[in-house]
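Report on the following structure.
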Amino acid sequence: MAILEELADNIIKGQAPKVEELTLKALDDGANPEKVLQEGLIAGMNVVGTKFKANEFYVPEVLIAARAMKAGMKILRPKLADSGVQPVGRFVIGTVKGDLHDIGKNLVSMMMEGAGFEVIDLGVDVSPEKFVAAVEENKAHFLGLSALLTTTMVNMQGTIDALRAGGLRDDVKVVVGGAPLTQKFADDIGADGYAPDAASAVDIIKEMME
Ligand code: B1M
């Protein structure tokens, strides 16, 4: 098996130490860091996303794969910066004000990073003002909002209103997600997209870029 194929395979299996070893080896052998990212790490995470969507993988497998990807990224990140490789886009994400659930949000973060985006994760209980400041500061292309409670999903509307008040609404696409949400809710609050799961978030955002 070629080394990048082996790397992708070990991402899928969630073998962090092996991913670390193969990433170093690929670079030592003279592979281009972007090729290692695209054909090794991202290729592996794409399979993980597809399996997750098809219910062949569950949350633990995705978390383990994402941890393996992070091990590879730790080595690749400085090399990518040195070689001037630009991220696919900048993505700010957080769980809205009043809400402390972060497992789903973290999955979305990891999958987006796995798809080649620069991810700025603001954590949980994020106020509209903090989202607006992060979008502005990072010149984000996409904003992901997560909510798990029916009592906090209303704060998504507040965040979109704050973006509009700050004159940033047209600069960033807003994608929302979380168990109690629906496409109708996303439409009603004026979001640009709704993602029922982490793999769909990546797909929807990539489609928006086309
Ligand atoms: Co909470 N909780 N919880 N909880 N909790 C729920 C959500 C609940 C449905 C349980 C229940 O009653 N059956 C219920 C909400 C009811 C409602 O509002 N309708 C509930 C409640 C009531 C509460 C508290 C109020 C309980 C209390 O204190 N009385 C409290 C609230 C705290 C707060 O937030 N202020 C609370 C607390 C907690 C814990 C801290 C104990 C813990 C959170 C730990 C953590 O996140 N670090 C917790 C947990 C674990 C859950 C359940 C059991 C699991 C949530 C989860 O992680 N799912 C949950 C019940 C359930 O859902 N079965 C429940 C796995 C995760 C992978 O799925 O988050 O849906 P999910 O994410 C998916 C998609 O939704 C989507 O992609 C993800 C991956 O595929 N997605 C996005 C999510 N965010 C996205 C953003 C995007 C795109 C897609 O942006 C682009």
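Both counts, for ligands and for their atoms, begin at 1 and track the order of listing. Keep in mind that what you see is a predicted model, and the values were worked out from it rather than measured.
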Only distances under 3.5 Å count here; give the side-chain donor-acceptor pairs of residues 27-48 to other protein atoms, sequence neighbours excluded, each with its distance to 0.1 Å.
from: D29; atom 1: OD2; to: K25; atom 2: NZ; distance (Å): 3.2
from: N32; atom 1: OD1; to: E34; atom 2: N; distance (Å): 2.7
from: N32; atom 1: OD1; to: K35; atom 2: N; distance (Å): 3.4

Pair K70-E113, salt bridge (Lys or Arg N to Asp or Glu O under 4.0 Å): steps then yes or no: CA-CA 9 Å; K70 274 185 186 282; E113 191 169 351; 3.8 Å; yes
Pairing residues for K51 by the side chain to side chain donor-acceptor pair (under 3.5 Å) criterion, not counting sequence neighbours: E56
Which residue pairs pass the salt bridge (Lys or Arg N to Asp or Glu O under 4.0 Å) test when at least one of the two sits in residues 96-105, sequence neighbours left out?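 The answer is K105-D121.
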Using a threshold of 4.0 angstrom between heavy atoms of the protein and any atom of ligand 1, which residues qualify?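 Close residues (ligand 1, cut-off 4.0 Å): F52, V59, G98, D99, L100, H101, D102, I103, G104, L107, V108, G144, L145, S146, L148, L149, T150, V175, G177, G178, A179, A195, P196, D197, A198.
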Taking only Lys NZ, Arg NE, NH1 and NH2, and the carboxylate oxygens of Asp or Glu, determine whether D187 and K184 approach each other closer than 4.0 Å. no
Is D192 paired with R169 through a side-chain N to carboxylate O contact shorter than 4.0 Å? yes
